[in-house]
Every structure is written in C-alpha cells, then in structure tokens.
Amino acid sequence: MSGQAGELLHQLKSLSGPFPPWNLEQLPSQPGKLFLEWLKIAVESNVKEPHAMTLSTVDQQGYPDARVLILKNIIEDTFYFASSSNSRKGQQLNDNPKVALTLYWPSLGRQIRIRGIAQDEGGEAGANDFRKRKPGARAVAMTERQSQLLVEEDALNRSIEVQKKRLQEDPDFVAPHWRLYAVNAQEVEFWQGDTDRKHIRVQYTWQDEQWHKNRLWP
C-alpha cells in the first residue's frame, strides 16, 4: 500500500505555473501593505477562499496544533480571527499566545507566513464579530461544545435546533465565550513559488521598533 501511495503522490504536479510577476524594487516598508496588495491580486484572480488561513498553536505538552479558519480583518500589521475561548485553540491561546498563520494560494504559487502574539480583544469586540455571523454559524457556536466528544448525531442536531429557537426569541444573543483575536505580527514572510524551484522569499522582521526586510535563499 505504501508503494502505491508513493507512486500516486509522485505523479501529482506541483508549482506548474505560470505565476504572476513580482517586482522586488517596489516593496512597501510594512508587511501589512504588501499583504493587502497580494490579497487584492488573489481576489481579482478568482482564488477560492483567499481569506482561509491555517492557525498554528502549541498545547501544554509542547505538541503543535493547526486548523484552517477565516481571516476576519487586517489593520496595519495586525491580523484578526475569531473563535470560542472555550475551544481547544482558545485554551491553547490562553496558555501560550505565540501563534503562526499561514495562507497558500496554489494557482498563484504564493504563500504568506506570519508569526506573532495573539491577543484577546475583549467581550465587546467578540460580541460584534458574533453578531455578524450567519444564524446557522451562531447556533453552532452557541452549543458551546466545540472539540468535545460527539457520541450521537441526534444530540448535535437537537442542540443546534434549541439554539436556533433561542436566536429567534433573542436575535441579539451572543455566546459568552466568543472572542475576536488580534495577532500582532513579529515576522512575516512572502513566498513566491517558481517552476524551477528558484523561489523568491522576502522576510519582514520587527526589531528595534521598526520593520526590516531581507531576501532569503529558496
């Protein structure tokens, strides 16, 4: 079986291109500005869900954990996402706020890696984000059971229906543990893939109260 898997994977193409050009002579001084430039290109290029990103955390035993969620906003060089503080990732963020964010757009051959510190923006910011979610997403979040063991599907469905009814009766209800998190970037790398693997990598590092830009080897 392992041989078959290896053969299958070997046949798959990667970084086949063509990819958009990248003018390194016009790099902005802040990574947030370059991120917005790349995001606009991704949207205009019809990249599917360009705001989907991987959030990586570390648990109390030192094991890394990762999951894909949605980028909610970016202001200057701060990136925002939302989650329940009672969830596994919420608990990990409380224990260790150092995180990594990763976005990858295969059709453009572009990857963005962000390292920084996640900060809980407080109850009101979390409430504002929660109210913007679709009713179904709010109902699921209101079950307050994320990452817990699910024994039977009916229990899930019943709980969601109870929360939907609760929202109908009180449309402004907010799950008490819902939070908006701000990741203050300390390091951001922009990676442009190349069909010959001569990848272009530019790293922004926050040091001495300012951003420093460096090229990295592929």
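Basis for what follows: all heavy atoms, side chains included, without hydrogens, waters or symmetry-related copies. Computed from a predicted structure; not experimentally measured.
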Would you check if L55 and R67 make a side-chain contact, meaning some heavy-atom pair closer than 4.5 Å?
yes

On a heavy-atom basis, the closest approach of L15 and D194 is CD1-O, 4.1 Å

Residues S14 and R197: side-chain donor-acceptor under 3.5 angstrom:
yes

Check the angle between the aromatic planes of F35 and F79 and answer parallel, tilted or perpendicular using the 30° and 60° thresholds.
perpendicular

Check G193 against H199 and note the closest heavy-atom contact, atom names and distance.
CA-ND1, 3.5 Å

With a sphere of 6.0 Å drawn around CD of Q60, does it hold more than 12 non-hydrogen atoms of other residues, nucleotides or ligands?
no

Under 6.0 Å from the CD atom of E25, do we count more than 12 heavy atoms belonging to anything else shown?
no

With the side chain counted from C-beta on, respond yes when Y63 and Q92 share a heavy-atom pair under 4.5 Å apart, and no when they do not.
no

To check you understand the geometry: which heavy-atom pair defines the closest contact between L103 and P50, and what is its length?
CD2-O, 3.5 Å

For residues I70 and F81, report the shortest heavy-atom separation together with the two atoms involved.
O-CB, 3.8 Å

Quick one: are V99 and L93 in side-chain contact, heavy atoms under 4.5 Å?
yes

Hydrophobic clustering (ILVMFWY, side-chain heavy atoms < 4.5 Å, transitive) - are L27 and I74 grouped together?
yes

Validation row: K89, L69 side chains within 4.5 angstrom (heavy atoms):
yes

Check whether more than 12 heavy atoms from other residues, nucleotides or ligands sit under 6.0 Å from atom CZ of R145, and answer yes or no.
no

Any heavy-atom pair between the side chains of L24 and R215 that's under 4.5 Å?
yes

Give a yes or no on whether H10 atom NE2 has more than 12 heavy-atom contacts from other residues, nucleotides or ligands under 6.0 Å away.
no

Taking atom OG of S56 and atom CD1 of I114, what is their separation to the nearest 0.5 Å?
11.0 Å

Shortest non-hydrogen separation from R138 to R133 and the atoms involved:
NE-O, 3.1 Å

Heavy-atom side-chain contact between I41 and W22 under 4.5 Å
no

Side-chain donor-acceptor contact under 3.5 Å, W211 with D77:
yes

Restricting to non-hydrogen atoms, name the atom on E37 and the atom on P28 that form the minimum distance, rounded to 0.1 Å.
OE2-CG, 4.2 Å

Does the side chain of T102 reach to within under 4.5 Å of the side chain of M53, using non-hydrogen atoms?
no

Take atom NZ of K164 as the centre, draw a 6.0 Å sphere, and report whether it contains more than 12 heavy atoms from other residues, nucleotides or ligands.
no

Any non-hydrogen side-chain atom of I160 less than 4.5 Å from a side-chain atom of T143?
yes

